[in-house]
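Model, not experiment: these values are computed from the prediction.
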Amino acid sequence: RNLVFLIDVSGSMGSRDKLDLLQESFEMLVNELGSDDRISIVTYASGEELVLEGVPGNETRTILRALRGLRAAGSTNGERGLEMAYEVAERNFIEGGVNRIIMASDGDLNVGMTSESDLYDYVQAKRETGIYLSVLGFGSGNYKDTKMETLADNGNGSYHYIDCIDEAERVFSERLCANLV
């Protein structure tokens, strides 16, 4: 599997039910990875950053250290984050394998491409490359459910809302892992 974790680290993600829960949730997935898996992490806020690229899935310490080091600040330029995630997924593409971006956000995309129709068009065009997009929603308050579902529906992926660690466990152990095949 070629998995790119696309993680929103904007200021709106700064609460316990968002970035903290996201980090705990992704740890569950990381513990299920193997040496044939390739993991990349792209973050976005006011800008985008490539945190890890193509790290073997069995390098758990490296991946967890990168996840635990994420901090929330800035606006939410999801467009640039999506673009970089697709670029990274293309560079690490596994022919005949699973190639998927797993986006995690509260959905509050407020810089760059923000309309549902623009997001629909962009993600739908990208799925033709064989790279699919699944979306995990976190938090409450300014949570933008419709944008998150639009991305997953048109990215040939699944959408899940995570509001507690028990739900994260269900998603990562039952639902999302089944959708990674």
Side-chain angles (χ1 to χ4, degrees), residues 1-9 13 18-45 48-71 78 80-107 122-138 148-149 151-162 164-181:
R1 296 175 284 200
N2 167 31
L3 303 177
V4 178
F5 300 162
L6 174 59
I7 301 175
D8 179 353
V9 293
M13 292 291 290
K18 294 182 182 181
L19 187 58
D20 290 347
L21 179 58
L22 181 157
Q23 290 165 316
E24 289 177 52
S25 300
F26 270 78
E27 285 185 23
M28 290 180 209
L29 177 59
V30 170
N31 289 320
E32 300 298 320
L33 299 172
S35 60
D36 290 341
D37 298 320
R38 295 291 169 259
I39 305 304
S40 302
I41 299 175
V42 172
T43 61
Y44 66 95
E48 68 287 347
E49 180 181 354
L50 178 58
V51 178
L52 286 179
E53 182 169 358
V55 173
N58 63 342
E59 291 187 22
T60 306
R61 277 194 181 134
T62 301
I63 300 166
L64 291 178
R65 188 177 314 117
L67 283 169
R68 291 174 183 149
L70 301 178
R71 301 291 175 258
R80 276 301 304 139
L82 272 170
E83 289 171 354
M84 180 179 273
Y86 277 106
E87 291 166 10
V88 170
E90 289 169 11
R91 284 196 302 264
N92 293 279
F93 194 86
I94 298 173
E95 197 65 46
V98 173
N99 295 280
R100 183 171 304 273
I101 296 167
I102 302 172
M103 180 180 190
S105 173
D106 62 4
Y122 180 77
V123 173
Q124 188 174 43
K126 287 296 189 177
R127 78 177 181 196
E128 300 304 319
T129 66
I131 299 168
Y132 302 140
L133 175 68
S134 288
V135 180
L136 303 174
F138 288 86
M148 304 297 279
E149 286 191 70
L151 288 168
D153 290 346
N154 295 292
N156 204 27
S158 59
Y159 165 75
H160 305 281
Y161 175 71
I162 298 175
C164 65
I165 200 66
D166 290 337
E167 182 62 19
E169 191 170 319
R170 277 189 292 281
V171 167
F172 280 101
S173 65
E174 300 168 15
R175 299 178 191 152
L176 185 64
C177 291
N179 289 314
L180 293 179
V181 178

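From R71, atom CZ reaches atom OG1 of T43 across 12.5 Å, with rounding to the nearest 0.5 Å. Rounded to the nearest 0.5 angstrom, I165 CD1 and R170 CZ are separated by 11.0 Å. For the atom pair L82 CG and R80 CZ, the distance stands at 10.0 Å (nearest 0.5 Å). How far CG of L52 is from CD of E59: 9.0 Å, rounded to the nearest 0.5 Å. Note that the CG atom of L136 and the CG atom of D8 stand 12.0 Å from one another [nearest 0.5 Å]. Note that CG of L21 is 5.5 Å distant from CZ of F138, once rounded to the nearest 0.5 Å.
By the neighbour-count criterion of 12 heavy atoms within 6.0 Å, atom CG of D36 is sparsely surrounded, having that number or fewer from other residues, nucleotides or ligands. More than 12 heavy atoms of other shown residues, nucleotides or ligands fall within 6.0 angstrom of atom CD in E128.
Of the possible polar contacts, one joining the N2 side chain to the A89 backbone as a donor-acceptor pair under 3.5 Å is found. For the pair S40 (side chain) and G54 (backbone), a donor-acceptor distance under 3.5 Å is present. Using modelled atom types, one side-chain atom of S134 and one backbone atom of S158 make a donor-acceptor pair closer than 3.5 Å. Formation of a donor-acceptor pair under 3.5 Å by the D37 side chain with backbone atoms of G34 is found in this model. Q23 places a side-chain N or O within donor-acceptor distance of the main-chain N or O of L67, the cut-off being under 3.5 Å.
Residues I94 and R38 share a closest heavy-atom pair of CD1-CG, 4.4 Å. Minimum interatomic distance between M13 and D106 (heavy atoms only, all atoms of both residues): SD-N, 3.5 Å. When every heavy atom of Y44 is checked against every heavy atom of A104, the shortest pair comes out as OH-O, 4.5 Å. Minimum interatomic distance between I41 and A66 (heavy atoms only, all atoms of both residues): CD1-CB, 3.9 Å. For the pair G137 and Y159, the tightest heavy-atom approach, listed with the atom from each and the gap, is N-CE1, 4.4 Å. Here the closest non-hydrogen pair linking V88 and N92 is O-ND2, 2.9 Å.
Looking at heavy atoms from C-beta onward, E90 lies in side-chain contact with T129 at the 4.5 angstrom threshold. Taking the side chain as every heavy atom from C-beta outward, R100 and R1 never approach each other to under 4.5 Å. Side-chain contact between V42 and Y86 is absent, with no heavy-atom pair separated by less than 4.5 Å.
Remark: N156 pairs with no residue by the side-chain hydrogen bond (donor to acceptor under 3.5 Å, both in side chains) rule, at least two apart or across chains.
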*Mind running side-chain contact (heavy atoms from CB on, under 4.5 Å) on L29 and F5 for me, showing each step along the way?*
CA-CA 11 Å; L29 177 59; F5 300 162; 3.7 Å; yes
*Do E27 and R68 pass the side-chain contact (heavy atoms from CB on, under 4.5 Å) test, and can you show the C-alpha distance, the side-chain angles, and the key distance before you say yes or no?*
CA-CA 9 Å; E27 285 185 23; R68 291 174 183 149; 3.0 Å; yes
*Checking side-chain contact (heavy atoms from CB on, under 4.5 Å) for the pair V4/I131: CA distance, chi angles, key distance, verdict?*
CA-CA 10 Å; V4 178; I131 299 168; over 6 Å; no
